[in-house]
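First comes the structure, then the notes that go with it.
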Amino acid sequence: MSPSVTPATDNRPDSGADLLLPVPDDDGAPFWEYAARGELRVQACSGCDELRFPPRPCCPHCQSFAAHWQRMSGRGRIWSYVLPHPPLLPAYAALPGYNAIVVELADAPRIRLVGNLVTAADAPLNSVEPARLRIGAPVRAAFHTMPGGVTVPRWLLERP
Amino acid sequence: MGATLKDATAIAGIGQTPFAKQLPASEKALACRAIVAALDDAGIAASEVDAFASYTMEETDEVEMAKAIGAGDVTHFSKVGYGGGGSCATVAHLAAAIATGQASVGVAWRSRKRGSGPRPWKNTQVQLPTPGQWTRPFGLLRPADEIGMLARRYMHEYGATRDHLFNVALACRNRANQNPAAIMYERPLTREMYMTARWISEPLCLFDNCLETDGALACVVVSAERARDCRQRPVYVHSAAQGLPAQHHGMVNYWNDDPLTGPAWTAARQLWKGADLGPQDVDVAQIYDAFTPLIPLSLEGYGFCGRGEGAAFTEGGALEIGGRLPLNTGGGGLSEAYVHGFNLITEGVKQLRGTSTAQVPDAATCLVTAGEGVPTSALLLRS
């Protein structure tokens, strides 16, 4: 494979193979770099301290171009969730009953991240019984390194 | 005082191809058929067309169309973004161009082979216009998943239930059952069918999702004065609006401060500002229905009820013929055809001509909306 091409999927036959990998853009790249270190960080304006998500070059509040990445506690609550069913990409169809959730961060409730609720950082996307999903349930971030070497945040129930 | 859009222009012609899961003709051929039919409906020669408007996701473009149908010199052309959010804006752009003298005969069209074409979520190499890096790795793959997320939150906050979503699906299906052109003609829907249907993205089931359809539609816009000399009764563009709210994120509005007030709210403020009428004056509505939850969200946004009251609004047959607000009287995207909402525009015209297959008696005003959940647009039509 040409080193200049970023694969959109990972093809190794491990658990989680063929799940889509994030394709970072310039603004989003630091999020994934911090995630690889096990840190959940959100872009913040260096001018007015407002957090913003998704990342972008300019602060919508004060138009400053100076930004830094603020570390979050990793705690949050389930804001909403869905249980996708086929037709799906094959890697996701192979995980029946998997969930996708939106988490609102405890430190910044207007910052909401899409993720998955799992029983352990490296557990499959369908490891939590769907009946356990509940809006408002407290969750905390854990970090999972996907087969392609990219680390993504996942979410664990605070009261499993 | 500038030029005003209010009743300055009218839709003088409409045209469409058959709708089917799979049509053999190319998108270009289908587009030509729809445009030629719309011009014939209006009684206007193709050589008079000098304006074109369509969607950015349209596979055919104005250069091809102008040449193919035999248009004359074209002086206005416009493409509107965001998929189904662009439908009403195509007419709005033509109306603005004609009202300000930039053109005299405009054609808006949509040709689509969604029924036999690729599914967007299967394309893993391309990041969709939504910021895919934040959603797709987690298996939030399809528009149904993205809207399902909003729907679950809406149900949680306001006590909306699957029965409310069924009310929406049923109203559209009942109207399609009256419309021989609809994919779901003579295919009734029952509550049991709905409640036992397979899930697509819980809380959304099969019948909460629009169809996948091949087909093309078009309409012709001219000045109000010109329209009065055309073959059909004019349908005036009374007001038109686009809406992209502050801090909006297409399809995944949960990064907005207030995720349950989507683009409908922004478009509605502009629409009513430019109108002599209000929501209480609307006789029939064609509201974009790629997914059933978009209807309660839109009912709130366009002011038919208060915030959080959209689900309850659907109760008691309110969306049926004879109800408080008859909805999607051709069957809509859920049951007539999913052609990025263009069939809602042509159905609005049919209602105001008095020629709908599910005619609302004496309908004189019709709201037509484009996709909610993406930057959107709307039209208020009157006879």
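These values consider heavy atoms only, across backbone and side chains, with no hydrogens, waters or symmetry-generated copies. The structure displayed is predicted, hence computed values, not measured ones. Chain letters run A, B, ... following the sequence lines, proteins first, then strands; residues in each count from 1.
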Set of side-chain contact (heavy atoms from CB on, under 4.5 Å) partners for A:Arg134, sequence neighbours left out: A:Ala137, A:Pro138, A:Arg159
Toward chain B, the part of A:Tyr81 with a non-hydrogen atom under 4.5 Å: both
Within this structure, what is the CZ-CG distance for the pair B:Phe138 and A:Leu117, rounded to the nearest 0.5 Å? 13.0 Å
Which one of B:Pro137, B:Ala144, B:Pro259 has the most heavy-atom pairs closer than 4.5 Å to chain A? B:Pro137
Could you look at B:Asp258 and say if it's the side chain, the backbone, both or neither that has a heavy atom under 4.5 Å from chain A? neither
Distance check, rounded to the nearest 0.5 Å: A:Ile135 atom CD1 versus B:His156 atom NE2? 5.0 Å
How many angstroms lie between atom CG of B:Asp145 and atom OH of A:Tyr92, to the nearest 0.5 angstrom? 10.5 Å
Against chain B, residues from residues 99-106 of chain A with at least one heavy atom under 4.5 Å, in numeric order, are A:Asn99, A:Ala100, A:Ile101, A:Val102
To the nearest 0.5 Å, what is the distance between CD on B:Glu202 and NE2 on A:His85? 3.5 Å
Would you say that A:Leu88 contacts B:Leu141 through its side chain, given a criterion of any heavy-atom pair below 4.5 Å between the two side chains? yes
Please give me the minimum heavy-atom distance between A:Arg112 and B:Asp257, naming the atom from each residue. NH2-O, 3.4 Å
Using a heavy-atom distance cut-off of less than 4.5 Å, which residues of residues 28-36 of chain A contact chain B? A:Gly28, A:Phe31, A:Trp32
Looking at CZ of B:Arg153 and CH2 of A:Trp79, how far apart are the two atoms once the value is rounded to the nearest 0.5 Å? 6.0 Å
Looking at A:Pro87, is its backbone amide N or carbonyl O close enough to the side chain of B:Arg142 to form a donor-acceptor pair, meaning the two atoms are under 3.5 Å apart? yes
Close contacts, residues 52-65 of chain A versus chain B, judged by heavy atoms under 4.5 Å: A:Phe53, A:Pro54, A:Pro55, A:Arg56, A:Pro60
Check: A:Val82 and B:Trp199 side chains under 4.5 Å, non-hydrogen atoms: no
For the backbone of B:Leu150 and the side chain of A:Ser80, can you confirm whether one donor and one acceptor N or O come within less than 3.5 Å of each other? no
Rounded to the nearest 0.5 angstrom, the CD1-CG distance for B:Ile200 and A:Leu83 is 13.0 Å
